[in-house]
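Labels below follow one simple rule: chain letters A, B, ... track the order of the sequence lines, proteins then strands, and each chain is numbered from 1. Reckoned from all heavy atoms, side chains included, excluding hydrogens, waters and symmetry mates. Treat the numbers as computed from the prediction; the structure is a model and nothing was measured.
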Amino acid sequence: MNRLTGCFKQLKSQHRSALIPFITAGDPQPHITLPLMHALVAAGADVLEIGMPFSDPMADGPVIQRASERALAAGMTLTRVLAIMTEFRATNTTTPIVLMGYLNPIEIMGYEQFAKTAQAAGVDGVLVVDLPPEESDEFTNILIHHDLAPIFLLAPTSTPGRIEKICQQARGYLYYVSLKGVTGSANLEVDTVAQKVEEIRHHTQLPVGVGFGISNAKTAAQVAKISDAVIVGSALVKYVETVSESQLIGSMAAFLGELRSAMDAKTVD
Amino acid sequence: MSSYRIHVKICGITRPYDALLAAHYGADAIGLVFYAPSPRAVSIEQTQEIIQVLPPFITTVGLFVNATAEFVQHVLAQLPLDILQFHGEESPEYCQSFSRPYIKALRMKPGTDVNDFAQHHSTARAILLDTFVAGVQGGTGQTFDWKMIPKHCTKPLILAGGLTPENVTEAIRATHPYAVDVSGGVEKTKGIKDAHKISAFMEGVTMTTELHNPPLDLPDSRGHFGRFGGRFVGETLMQPLEELRQAYERYMKDSEFLAELNDDLHHFVGRPSPLYHAVRWSNLLGGAQIYLKREDLNHTGAHKINNTIGQALLAKRMGKTRVIAETGAGQHGVATATVAARMGFECVVYMGSEDIKRQAINVYRMRLLGAEVRAVESGSKTLKDALNEAMRDWVTNVDDTFYIIGTVAGPHPYPAMVRDFQAVIGRETREQIQTLTGRLPDALVACVGGGSNAIGLFHPFLHDESVAMYGVEAAGDGIATGKHAASLCAGKVGVLHGNRTYLLSDDDGQIIETHSISAGLDYPGVGPEHAWLKDSGRAQYVAITDKEALAAFHDLTRIEGIMPALESSHALAYTKKLAPTLGRDKSIVVNLSGRGDKDIHTVANLEGIKI
């Protein structure tokens with residue numbers, strides 16, 4: 001069984017929402033990523049979303065754009081991302097990993113080669129931001145063949161027809177983009193998001209996660225009440241620009257810990 | 001382009017099941033071998049069984065090798081064969097004595113003259129070309145040198161000899177036959193056909209059919225030009241793009257919309273633009289007559305406004321109040337700011353901070369027109385990053401904002417929509433050149449960055465087989481130096497900015513920085529329809545260096561009194577090479593896509609002159 005399925009099953013039985021931090025592999029230096037991944041798990045991450053850096057991250061806001069630029073400048077490549085995942089799996093065999101990125105590097109590596117290597121590295125799911133279901137048949141089939149869950153985005157603009165179609169193709173969980181915008185945009189509106197998540201649940205049994213616009217513990221706790229997973233990216237990645245490298249892992253883990261406690265608290269302010 | 005499909009005959013059928021396979025996968029004919037020494041020989045009884053199961057509209061061909069007339073008559077008396085195929089040294093008199101249409105096989109060896117043979121067998125319906133192998137009669141299973149096949153023959157030619165699923169596409173492209181004939185290439189064992197191989201063979205044939213007919217009605221409903229194009233964006237933009245496609249398809253058929261568009265093109269843009277015969281330059285080059293399509297005379301000085309007018313009218317119809325655009329050199333930004341001013345839209349133009357430094361005059365023009373120019377500091381700080389940033393703005397403000405893309409790239413429907421707005425260039429050219437010369441041009445030449453001026457000129461001529469098309473990319477310092485922007489000539493297939501196309505990327509799939517003297521060609525991708533035209537062979541793509549473009553800039557300025565944009569100078573530089581290779585009775589149309597005033601600082605700098 002794919003680790004994602006097991007993970008969400010367990011969380012459900014505990015009536016908890018998953019906390020999914022996003023970091024860009026290799027940001028700000030390749031050697032940070034592995035210890036950072038372990039630290040995030042220790043601080044309460046249930047699933048790790050790992051960004052595969054790309055030169056032209058069209059759907060990302062400035063924080064994650066700069067993370068990609070730093071990682072590439074530090075010599076990060078798709079092959080090295082996959083190598084770090086292998087290293088992670090040497091000591092952690094339980095936390096699901098989802099790779100997130102853009103199509104071109106995968107296309108240049110080759111779908112089959114990518115899926116084979118990712119599977120061998122212990123990756124559990126793949127989210128390609130610029131590969132909507134209309135274009136993804138071939139890639140999705142290859143992923144499923146390699147026991148990798150194709151994760152798809154849903155957005156405020158998705159019509160019922162699209163939601164149905166996407167839910168049929170998706171595995172693992174659905175990623176609901178909480179607002180019209182790029183990653184790291186202004187805060188989301190919880191009530192509006194709650195409505196759309198309910199609508200999505202009519203179409204699928206899969207867990208529904210919410211991301212984009214979750215920047216503090218309070219919002220994380222609110223979103224945890226209405227969804228199966230809280231995805232936090234820019235608010236976490238920001239630390240790379242605000243604290244020194246020696247403090248980085250500690251600061252990011254501490255921030256994640258705050259979110260975890262807020263999400264697990266019985267009441268929300 | 002002719003729109004015939006290559007016909008297929010599957011020869012050496014020995015079982016009813018194989019005949020059904022052939023029919024199922026779309027073969028036009030099956031061949032039955034009445035030649036006892038062949039491993040694929042059939043008896044009359046066998047053939048009766050085969051013919052019994054065969055669905056209608058599949059031609060049955062009986063193959064004979066130096067048979068007696070009595071034997072052929074005996075077979076024909078019992079079997080309703082449609083066509084005879086003679087594979088030996090039969091004479092024309094013998095072949096036509098059976099009152100059935102016939103095909104004559106010719107075994108190709110060095111020195112064989114196909115046209116002579118076709119003349120000799122003037123009563124044959126077609127000539128089948130097989131490989132000569134000493135001592136072997138009938139099909140040989142070996143290929144011959146396809147270069148021996150004449151380009152023009154009085155008879156339809158059927159290509160046989162060693163065809164397989166692997167080589168059939170190449171064979172058809174190399175020889176353009178009327179039909180292909182396959183036997184051993186689709187077999188499991190001698191005489192027993194293989195379903196997978198038949199299917200693969202037919203697919204190989206179909207592929208060339210597509211390539212032979214670059215259809216005018218591309219893209220398909222999902223925005224694909226063959227394997228290129230499509231819609232590769234985040235989920236948030238999928239529905240807005242679908243709404244845009246619906247609006248665009250609706251209004252392109254709406255007579256009121258088209259009337260308003262035409263009226264603006266005439267009174268605001270100044271169309272039709274002239275087609276100018278560059279007599280002095282043509283004479284100096286000593287070859288083909290060169291005609292310049294004067295897009296430089298449009299309002300704002302380039303072809304870009306043809307498209308921004310169209311998209312702005314569409315934005316108005318869709319109830320949007322704000323338009324955004326990306327720009328490299330600033331031409332598209334100026335064209336967008338211009339139509340926004342005229343229609344009262346709020347306008348934001350994204351421009352890489354590097355380009356802002358290089359194009360100060362255009363930045364100021366946009367500001368004068370009321371647009372806000374936002375500097376893009378991400379990535380390489382050039383056109384591709386401006387496009388990323390405009391996409392990010394659009395996804396955030398999609399409710400009231402219309403994104404006016406400036407070239408034939410981006411997610412569907414942009415490549416098709418921008419092309420349709422720019423095709424006015426080609427439509428006018430088609431009329432003007434016929435008025436001036438009484439016939440179609442022999443070649444079209446246009447520069448290609450994203451490719452909107454080139455597709456605008458090419459598109460109305462796609463089906464005119466006699467018109468050659470050359471897209472000219474920026475070779476920068478030279479392709480070999482790596483400092484260039486020639487994605488079609490030197491790139492690989494990938495996905496960027498919402499579509500699959502040829503791109504300049506490194507081995508890790510990261511987009512690399514481009515270089516060209518001309519900011520408008522400085523883009524690492526290219527419109528997907530150009531990628532398709534390149535692969536289909538319908539258009540040729542070449543590259544011109546900075547130095548060659550600069551020389552052509554001076555030539556046209558001094559010889560014709562027309563100062564071309566550095567982008568257009570690439571097309572002119574290739575024309576300089578092409579014209580002398582063609583006769584004086586030939587004609588070339590070059591798209592003079594923009595005027596060169598904007599580039600005089602660049603030119604002066606390069607020549608060490610301060611102005």
Side-chain angles (χ1 to χ4, degrees), chain A residues 52-62 65-66 68-69 72 75-81 101-110 114 127-136 152-159 161-163 165-166 174-183 185-186 212, chain B residues 221-224 227 229-243 376-381 384-401 410-412 492-501 503-513 524-525:
Chain A
M52 304 174 277
F54 181 49
S55 54
D56 293 76
M58 213 166 70
D60 284 298
Q65 286 171 43
R66 289 194 294 265
S68 254
E69 282 177 26
L72 291 174
M76 209 58 201
T77 62
L78 184 49
T79 308
R80 291 185 72 182
V81 175
Y102 293 81
L103 186 58
N104 200 54
I106 296 174
E107 191 143 317
I108 296 297
M109 177 180 274
F114 169 79
L127 196 172
V128 182
V129 180
D130 57 350
L131 188 62
E134 281 81 350
E135 301 284 357
S136 70
F152 283 97
L153 298 173
L154 286 168
T157 50
S158 304
T159 56
R162 291 194 60 80
I163 296 175
K165 196 175 159 190
I166 291 170
L174 272 310
Y175 185 136
Y176 178 61
V177 174
S178 68
L179 44 80
K180 293 175 197 163
V182 291
T183 52
S185 299
F212 284 44
Chain B
S221 60
R222 294 192 303 146
H224 293 133
R227 61 179 166 147
R231 197 179 269 171
F232 294 85
V233 295
E235 173 62 19
T236 315
L237 287 177
M238 289 301 284
Q239 187 57 26
L241 283 166
E242 186 51 24
E243 283 163 21
V376 177
E377 300 286 355
S378 58
S380 59
K381 304 176 173 62
K384 78 174 177 72
D385 309 284
L387 216 150
N388 292 333
E389 206 52 40
M391 264 313 168
R392 291 175 189 129
D393 179 314
W394 196 37
V395 80
T396 309
N397 303 295
V398 67
D399 293 331
D400 69 346
T401 298
H412 180 57
K492 49 192 165 204
V493 177
V495 171
L496 179 71
H497 293 151
N499 65 101
R500 182 175 279 118
T501 186
L503 296 175
L504 296 171
S505 72
D506 66 16
D507 293 340
D508 187 42
Q510 308 297 337
I511 307 306
I512 53 183
E513 285 183 35

Taking every heavy-atom pair that is under 4.5 Å apart, which of [options] has the most such pairs with chain B?
| options | value |
| --- | --- |
| A/Pro57, A/Ser68, A/Ser136 | A/Pro57 |
| A/Leu153, A/Thr77, A/Val128, A/Val129 | A/Thr77 |
| A/Glu69, A/Gln65, A/Arg66 | A/Gln65 |

Measure distances from [X] to the heavy atoms of chain A and classify the residue's part below 4.5 Å as side chain, backbone, both or neither.
| X | result |
| --- | --- |
| B/Pro411 | neither |
| B/Ile511 | both |
| B/His224 | side chain |
| B/Ile512 | neither |

With sequence neighbours excluded, residues passing salt bridge (Lys or Arg N to Asp or Glu O under 4.0 Å) with B/Arg222: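 Testing B/Arg222 for salt bridge (Lys or Arg N to Asp or Glu O under 4.0 Å), a comparison that skips the adjacent residues, returns none.
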Where the side chain of B/His497 meets the backbone of B/Lys384, is there a donor-acceptor pair that is under 3.5 Å apart?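 Pair found, side chain donor or acceptor close to backbone of B/Lys384.
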Proximity breakdown for [X] and chain B, heavy-atom pairs closer than 4.5 Å:
| X | value |
| --- | --- |
| A/Ile106 | neither |
| A/Val182 | both |
| A/Pro62 | neither |
| A/Leu103 | side chain |
| A/Met52 | neither |

Looking at every heavy atom in both [X] and [Y], which two are closest together, and how far apart are they?
| X | Y | value |
| --- | --- | --- |
| A/Tyr176 | A/Ala155 | CE1-C, 3.5 Å |
| B/Asp385 | B/Ser378 | CG-O, 3.3 Å |
| A/Leu131 | B/Phe232 | CD1-CE2, 3.7 Å |

Go through the structure and list residues passing side chain to side chain donor-acceptor pair (under 3.5 Å) with A/Arg162, not counting sequence neighbours.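 Partners of A/Arg162 under the side chain to side chain donor-acceptor pair (under 3.5 Å) test: A/Glu134, B/Glu235.
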Measure the shortest side-chain to side-chain distance between B/Lys492 and A/Glu107 over non-hydrogen atoms and say whether it is less than 4.5 angstrom.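 No, too far: nothing below the 4.5 Å cut-off.
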Heavy atoms, side chains only, cut-off 4.5 Å: are B/Val233 and B/Met238 in contact?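 Yes; the side chains approach each other to less than 4.5 Å.
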Only pairs of heavy atoms separated by less than 4.5 Å count here; which of [options] has the most with chain A?
| options | result |
| --- | --- |
| B/Val398, B/Asp506, B/Asp393, B/Thr396 | B/Thr396 |
| B/Glu377, B/Arg500, B/Glu389 | B/Arg500 |
| B/Leu237, B/Asn388, B/Asp507, B/Leu387 | B/Asn388 |

Rounded to the nearest 0.5 Å, what's the gap from CG on A/Asp130 to CG on A/Asp56? Could you check?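 The distance works out to 10.5 Å.
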In Å, rounded to the nearest 0.5 Å, how long is the span from CG of A/Asp60 to CZ of A/Phe212?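 A/Asp60 CG to A/Phe212 CZ: 6.5 Å, rounded to 0.5 Å.
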